[in-house]
Number of protein chains: 2
Amino acid sequence: MIAKSEDVARLAGVSRGAVSQILNGRGERFSASTIERVKEAALELDYQPSAAGRALAMGSSDFVIALIPNTTFGGNLQDIFGAATEQLAEQGLTLVLRLATTTTAALGRLVTGMAPRAILSLTPFSDEERELLERRGVRAFEPHLASEDQFDREIGRLQARHLIERGSTRLAVARLRDARQDPFGQGREDGVREICRQEGLADPEVVHLGVDLDEALAALDRLSPPEIGIACYNDDIATCLLSAARIRSFVVPGQVALIGMDRTPLSQVTVPRLTTISYDVTAPTKNMIANFLSVLGRTPVPEGPPNALALELEAGGTT
Amino acid sequence: MIAKSEDVARLAGVSRGAVSQILNGRGERFSASTIERVKEAALELDYQPSAAGRALAMGSSDFVIALIPNTTFGGNLQDIFGAATEQLAEQGLTLVLRLATTTTAALGRLVTGMAPRAILSLTPFSDEERELLERRGVRAFEPHLASEDQFDREIGRLQARHLIERGSTRLAVARLRDARQDPFGQGREDGVREICRQEGLADPEVVHLGVDLDEALAALDRLSPPEIGIACYNDDIATCLLSAARIRSFVVPGQVALIGMDRTPLSQVTVPRLTTISYDVTAPTKNMIANFLSVLGRTPVPEGPPNALALELEAGGTT
DNA sequence: CTGAAAGCGCTTACAG
DNA sequence: CTGAAAGCGCTTACAG
């Protein structure tokens with residue numbers, strides 16, 4: 001049988017109320033020996049308070065929901081959430097993950113059903129979601145970013161500037177064929193175009209492809225190099241185009257210059273090594289969690305928001 | 001304010017008990033007009049039953065926990081869990097994800113606290129976990145796999161047989177440097193060795209590396225080709241070694257033959273294309289979920305377990 | 001066919 | 001310093 005607070009109370013010879021107080025750290029007014037007895041009884045019975053009972057009595061559960069984005073959930077994020085799970089566990093909170101791929105309605109059902117202590121998201125909430133959460137009285141946390149759109153434009157700008165600096169006079173943007181997976185593509189493209197205009201170059205051509213060699217070859221043929229600098233949606237796309245360029249015997253970076261984004265591990269082992277932009281989600285995510293913990297009021301306030309645009313260009317051999 | 005069942009009852013002019021029965025589909029005995037009124041009231045008030053209240057009354061919550069493995073949680077899995085989330089939602093169940101990286105004790109706290117309807121795992125539970133879950137009365141589901149170890153040995157065997165078939169007479173195994181991420185390495189290595197002995201070849205040399213060009217170069221130098229067939233832990237490692245071979249000007253597959261595992265998208269765009277083994281987690285995972293739903297008794301039993309060892313060798317240009 | 005009451009396991013004023 | 005009681009929102013026998 002699963003022990004309940006009554007079992008603990010009986011074993012320790014106190015009331016259920018006392019058990020609750022003591023186990024929740026509000027037992028200053030009890031004698032040391034009583035406290036000791038209760039704690040031992042709880043241990044002995046392997047007592048775990050029922051989440052439902054607590055939630056009902058307290059009005060909000062001990063759950064914290066983390067929304068994970070639809071994009072690749074790489075090893076990085078697992079480490080972060082692994083650590084976060086433990087940190088929250090120390091505070092008696094249990095972190096559960098949820099795919100962000102849900103409608104606002106589903107999110108609504110989730111939060112009113114679960115009554116979580118808070119909800120964390122790796123990507124900014126939509127206005128609709130924000131309003132919903134406020135109405136339901138759920139605290140929402142998101143990484144302290146500049147607006148998502150500005151962020152993507154900045155990436156596009158960075159890519160374009162670097163390509164131009166390295167000698168490209170004709171730019172292209174390689175976006176993802178699958179629009180579902182391309183939430184950031186438009187912002188990137190806009191950033192590239194902005195720089196092109198600013199520098200007096202023609203607007204970038206735009207190609208769409210997936211991680212597929214045939215598509216990469218077709219895209220490259222359409223762009224009819226020699227002499228094109230391609231700002232790629234991510235390193236995988238850049239890698240594809242690098243293979244395509246090799247098959248077509250184009251000189252990289254002489255004829256085809258490539259810049260990726262993400263600095264994936266594999267981007268560092270291509271020949272030549274990919275030029276890319278690294279962006280560490282770790283810092284903003286950790287900061288978000290620290291911020292959350294501090295709002296819980298049990299932890300010092302963190303140092304201050306890290307630079308939200310911690311983009312770093314890593315020059316490789318493809319530009 | 002958040003509506004509760006009492007609000008719905010008042011608005012519909014019935015008792016709370018009636019609201020509960022009707023909204024949970026056990027309202028056959030009520031008149032059609034009553035049912036209609038209650039449903040409308042619920043809709044109007046945007047009523048969401050409190051998970052805590054339900055859980056407390058019913059003894060188990062509407063949560064289903066899915067344990068996600070510590071390895072890469074790729075796009076595939078997201079799709080699967082996205083679909084599963086919706087399927088379960090239709091049954092009134094809410095799927096939450098949890099990193100599998102937890103101690104048995106933490107798992108115990110989670111399940112006794114949450115009282116989930118079931119717990120699903122993508123990888124087999126340990127005996128300890130299994131025993132814990134049984135004791136707590138939590139239903140556990142896992143993909144219908146042959147034992148994990150057999151599975152990995154089979155992968156190793158497949159890799160080795162293919163390399164030998166393609167002419168390798170000296171084999172090596174490339175494992176992950178980071179042992180944490182190498183849970184399957186030993187089984188694979190054992191499978192390769194088994195085949196080597198069976199075929200009268202020397203035992204395979206074993207190298208350890210990460211996704212890092214310098215490490216790949218060092219590993220390749222240590223194996224001192226020409227003439228080595230390398231069974232790689234995964235496609236990323238194989239890709240690394242392919243780059244290293246190119247830098248050292250080894251002929252692939254003539255001098256260095258490579259076979260990966262996973263059939264990642266990027267493995268299909270290397271030059272030459274990687275020989276690899278594909279294994280679709282989708283089928284076993286979907287099957288597990290179908291199985292779970294059928295046990296809930298609201299869905300027909302699925303067709304029968306898919307072939308758990310649905311490994312498929314995909315010959316590329318590296319062997 | 002419907003409603004009133006008890007109970008799920010916990011916490012929190014409140015009375016002693 | 002401690003215990004008895006009420007109440008959180010729901011469901012489920014049970015009585016009408």
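Fair warning: this is a prediction, and the values are worked out from it, not measured in the lab. Reminder, nothing fancy here: chain letters follow the sequence lines and each chain counts from 1.
Picking from dT11(C), dG9(D), dG3(D) the nucleotide with the shortest atom distance to the side chain of K4(B) gives dG9(D). Checking dA4(C), dG9(C), dA4(D) against the side-chain heavy atoms of S15(A) singles out dA4(D) as nearest. When distances run from any side-chain atom of R26(A) to the nucleotides dG3(D), dT12(C), dC8(D), the shortest one goes to dT12(C). Closest to the A57(B) side chain, of the nucleotides dG9(D), dT11(C), dT12(D), is dG9(D). Ranking dT12(C), dT11(D), dG9(D) by closeness to the R54(B) side chain, first place goes to dT11(D).
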*Mind running side-chain contact (heavy atoms from CB on, under 4.5 Å) on V64(A) and L120(A) for me, showing each step along the way?*
CA-CA 8 Å; V64(A) 173; L120(A) 319 176; 4.0 Å; yes

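For Y279(B) and F151(B), the distance between ring centers is under 6.0 angstrom.
If you measure from atom CG of L56(A) to atom C1' of dA6(D), you get 13 Å, rounded to the nearest angstrom. Distance I22(B) CD1 to dT11(D) P: 12 Å, rounded to the nearest Å. Atom CG of L23(B) is separated from atom P of dC10(D) by 10 Å (rounded to the nearest Å). Between the P atom of dA5(C) and the CD atom of Q21(B) lies a distance of 17 Å, rounded to the nearest Å. Regarding E6(A), its CD atom lies at a distance of 15 Å from the C1' atom of dT11(C), rounded to whole Å. With rounding to whole Å, N24(B) atom CG is found 17 Å from dG9(D) atom P. As rounded to whole Å, 17 Å separates atom C1' of dA6(C) from atom CE of M58(B). The distance between atom CE of M114(B) and atom C1' of dG9(C), rounded to the nearest whole Å, is 17 Å.
In this structure, dA4(D) makes no Watson-Crick or G-U wobble pair, since no nucleotide meets both defining distances under 3.5 angstrom.
Contact check, S20(A) against dT11(C): a side-chain N or O comes under 4.0 Å of OP1 or OP2.
Paired with L132(A) under the rule side-chain contact (heavy atoms from CB on, under 4.5 Å), one option of E134(A), R130(A), R135(A) passes, and it is R135(A).
Base engagement by G17(A) is indicated by at least one non-hydrogen atom pair under 4.0 Å involving a base atom. Residue contacts shown for V14(B) are limited to sugar-phosphate atoms, with no base heavy atom under 4.0 Å away.
Using a 4.0 Å cut-off between charged nitrogen and carboxylate oxygen, R136(B) and D46(A) count as a salt-bridge pair.
A donor and an acceptor atom, one from each side chain of E128(B) and T104(B), are located under 3.5 Å apart.
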